[in-house]
Amino acid sequence: MKKSLFIYVFCALLAGTMGLTSCTDYFERDSESVLQKEDAFKNFSNFQGYIEVMYNVIPDLAKSYWVSSFNWGEDEVITTGNGEYLMGFQIDNGNYRSYFNKGDCFLDRSWSVDGDRFNKSLWGGGWYAIRQANMGLQAIEQGLLKDATTEQRNMIAGQLYFFRAWFYFMLTSYWGPLPYMTEPLEASAEFNLPRPKTYAENAESMAADFQKAAELLPVDWDATQTGAPTKTKNAFRPNKIWALSYLGKCLLYAGSPLMVNGIDATGDTYKYNAEYCKRAAEAFGQVLSLVESGQTQYALEDFSNYSDLFYTKEKNWLMPGGTEAIMRSPTFGADSYWRQMNSYQLAAICEGDGIILCPSANYVNYFGMKNGLPLTDPNSGFDKTHPWKDRDPRFYNDFIYDGVKMIKAPKEDNKIYQYANLYDGGNCCNDPRSTSRTGYFNYKFIPIGANKDDNDYGYGKATHFHLSWLRLADVYLMYAEAASVAGGGAKGKSSNCSLTAEDAVNKIRERAGVDPVAAAYTGSAEKFMDEVRRERAVELAFEGHRFNDLRRWKLLTVYPYNIKTVQKFDRASELDPSADPSENEVRNFREEVIINRKLEAKHYWLPFKNDDVMLYPEFGQNPGW
């Protein structure tokens, strides 16, 4: 069989079809050995089985063979020694090309259709799923789905439109505009679609697909005849809420400063496209109206169950996310407590490999006061002699700070680590290779007791760590951002939702026990936007959003978002274990820069591999690479 070089190369980009080992195998395979189209698509059951393959290539944000690196903003600091291989460390140094075939992150690594949770890749799996979606939609157009009800047809098509748009959204979020394919590539085709000149062109294509998906899919599969046979097991299937939420997200991205103004490294951080934001607010508004009126299966979790959004323990391996998780990877990660949870605490008390992912002190500063004011507000009440007093309750949920008990029942050798000694010279921050480099530990994703002395985690406790790609709190905050731009500030709102931008932010704060946005920050559109962005930093901390947020806001290269710091201090008195550690007094409280991120304008987009850029002339490299 005669084939062009392009077919070999482009099929490598798309990672093959139907899980076959190579493009050569696919094109030369005997027709009798492959499931015929008429059988694959003839009824709902068979067609749904075809679609299930796309579920299996959704990457897992926080899973890799060892320590997974997925927080690449100014939010996380990695210990030195053996942590330099992690993606976060490389991004700090501007070495974006290190993502190529990198096993510790989801962007690009070895993957397979039937591989486990550690074999998922956004780049390869994304193109594969897009091709699968196009083949499925083509089959519907050709009338191959013969045995199906109208509801079944709609739900099949809705999933295909959603997956095509979602994988494109994920790819374009990191790499920028890409050719939007709506038909599967044939062996004889000459593919030369150029990359769109603007992100908006991709956004319109994605928006059209998300809108079609929203029109075709139900709010809840469990409430349909089609979903009845798999009732209680449909939470991982795309539905109307998924589609509308991502419709809003892709439009918000299209209206964001980076996409509107380009990669120039300075300025324009408040310059949005108001029309795109208005459309985004309408999509989010439709979701929130349904949620607020109780017409969906989604709701904000009570703060007492906040940890269930990220990990579960002694709940029979219940997938985390609660009533708030919208889209999750369906992969099950029973041993994720080992892969990731050991990487957040002091090496001496856990069984990890010595790498610690510490929250940067400057990021911790986003967690303001319980009264809702940022630390920098002169009326906040923040006091450097009592820096942990009266803080946002999420501060106490997410962080270990000086004096907090880390081990409930320490063995003799570890009694010196029972309480976090994070003062200057303390044994929890005196070695950049095995202790905190910043003065804090991140406990958002692990319980107190997740250490080798207490052993209150792991297989025996059915500890399961998993992060959602999208959860409801994110939708509230994206609505606030979009409605604020569209409506001119805190009082902005969509036409289909009673909530103002300010109301949406306060919903999230109220859940956490934080006072509303103060009047001093609602009169100015820019000041209110700063509070929306700070609220995103706090509520969505370490869930993989910050890198994309800083990029789309054009803040990645701007001070102080391009530094990472440590906080140092001396204890004013000996630690009293019986006292509330938030009341502890300190002296000589100071903050020092430990990392200056080596980022410039080109770092707003990831580079393509050279082989991909050479596929054909119209597929150009991103600027600066």
Side-chain angles (χ1 to χ4, degrees), residues 7 10-11 13-20 23 26-27 29 31 34-58 113 125-169 171-172 178-194 196 201-218 221 224-227 237-240 242-244 246-247 250:
I7 291 297
F10 194 67
C11 283
L13 171 68
L14 297 183
T17 58
M18 297 299 288
L20 301 180
C23 294
Y26 177 68
F27 291 126
R29 186 178 293 263
S31 61
V34 179
L35 186 66
Q36 298 299 304
K37 274 188 173 183
E38 289 76 9
D39 293 324
F41 303 120
K42 68 180 181 180
N43 56 39
F44 174 81
S45 179
N46 286 17
F47 212 137
Q48 185 61 36
Y50 170 86
I51 291 176
E52 297 294 332
V53 177
M54 281 178 273
Y55 288 82
N56 205 41
V57 295
I58 299 172
V113 172
W127 287 113
Y128 171 86
I130 288 167
R131 176 176 172 81
Q132 293 295 99
N134 283 333
M135 291 173 66
L137 289 168
Q138 185 182 70
I140 292 176
E141 292 173 2
Q142 293 172 347
L144 298 182
L145 177 56
K146 301 182 183 300
D147 183 11
T149 65
T150 299
E151 181 184 79
Q152 289 173 335
R153 290 175 184 276
N154 288 344
M155 290 165 76
I156 287 289
Q159 291 174 86
L160 294 169
Y161 281 119
F162 177 85
F163 279 127
R164 181 167 72 185
W166 187 82
F167 279 103
Y168 261 116
F169 174 76
L171 290 167
T172 58
L178 292 165
Y180 205 89
M181 292 183 288
T182 57
E183 296 180 356
L185 183 68
E186 301 298 333
S188 59
E190 180 181 354
F191 187 79
N192 57 4
L193 279 177
E201 293 179 58
N202 270 159
E204 292 292 356
S205 298
M206 291 184 282
D209 279 353
F210 282 133
Q211 182 63 53
K212 289 176 184 176
E215 293 167 358
L216 293 167
L217 292 169
W221 279 59
T224 66
Q225 287 186 326
T226 301
R237 302 186 188 281
N239 58 39
K240 184 183 295 291
W242 290 32
L244 288 172
Y246 273 103
L247 170 61
C250 87

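All residue numbers refer to positions in the sequence shown, counting from 1.
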message = With side chain to side chain contact (heavy atoms under 4.5 Å, CB included) as the criterion, how do Val57 and Gln132 come out once you've worked through the C-alpha distance, each side chain's angles and the decisive distance to 0.1 Å?
response = CA-CA 11 Å; Val57 295; Gln132 293 295 99; over 6 Å; no

task = List the steps, then state whether side chain to side chain contact (heavy atoms under 4.5 Å, CB included) holds for Asn154 with Glu215.
result = CA-CA 9 Å; Asn154 288 344; Glu215 293 167 358; over 6 Å; no

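Here the side chain of Tyr168 pairs a donor or acceptor atom with the backbone of Pro179 at under 3.5 angstrom. Asn239 places no side-chain N or O within donor-acceptor distance of the main-chain N or O of Trp221, the cut-off being under 3.5 Å. No donor-acceptor distance shorter than 3.5 angstrom exists from the side chain of Lys240 to the backbone of Pro218, with no hydrogens or angles considered. Looking only at distances, a side-chain donor or acceptor of Arg153 sits under 3.5 Å from a matching main-chain atom of Leu145. Side-chain atoms of Asn134 come within 3.5 Å of backbone atoms of Met181 as a donor-acceptor pair (strictly under, hydrogens ignored).
Across every non-hydrogen atom of Ala243 and Ala214, the tightest pair is CB-N, 3.6 Å. Of all heavy-atom pairs between Tyr180 and Ala165, the closest is OH-CA, 3.6 Å. Closest heavy-atom contact between Leu137 and Ala157: CD2-O, 4.4 Å. Here the closest non-hydrogen pair linking Ala213 and Gly158 is CB-O, 3.5 Å. Nearest approach of Gly125 to Phe167, heavy atoms of both residues: O-CE2, 4.4 Å. Thr226 and Met155 make their closest contact through CB-SD, 3.6 Å (heavy atoms, listed as atom of the first residue, atom of the second, distance).
With sequence neighbours left out, the side-chain contact (heavy atoms from CB on, under 4.5 Å) criterion links Ser45 to Asn43. Residues satisfying the salt bridge (charged side-chain N to carboxylate O under 4.0 Å, His left out) criterion with Glu52, sequence neighbours excluded, are Arg237.
Counting heavy atoms from C-beta on, the side chains of Leu216 and Phe162 never come closer than 4.5 Å. The shortest distance between side-chain heavy atoms of Phe163 and Ile58 falls below 4.5 Å. A 4.5 Å side-chain heavy-atom check between Leu160 and Met54 finds at least one atom pair inside the cut-off. Between Phe210 and Pro238 the shortest side-chain heavy-atom distance does not fall below 4.5 Å. The shortest distance between side-chain heavy atoms of Asp39 and Lys42 falls below 4.5 Å. At least one side-chain heavy atom of Val53 sits under 4.5 Å from a side-chain heavy atom of Tyr128.
Note that the CG atom of Asp147 and the CZ atom of Phe44 stand 11.5 Å from one another [nearest 0.5 Å]. Taking CZ from Phe41 and CD1 from Ile140, the interatomic distance works out to 9.0 Å, rounded to the nearest 0.5 Å. Atoms CD1 and CG, from Ile156 and Leu217 in turn, are 10.0 Å apart once rounded to the nearest 0.5 Å. One finds the CD atom of Gln211 at 7.0 Å from the CG atom of Leu244 (value rounded to the nearest 0.5 Å). Atoms CG and CG, from Leu171 and Asn202 in turn, are 9.5 Å apart once rounded to the nearest 0.5 Å.
When the shell of 6.0 Å around CD of Gln225 is examined, it contains 12 or fewer heavy atoms from other residues, nucleotides or ligands.
Note on ring orientation: taking the six-membered ring where Trp is involved, the planes of Tyr50 and Phe47 are perpendicular (angle over 60°, cut-offs 30° and 60°).
There is a side-chain donor-acceptor pair under 3.5 Å between Gln159 and Gln48.
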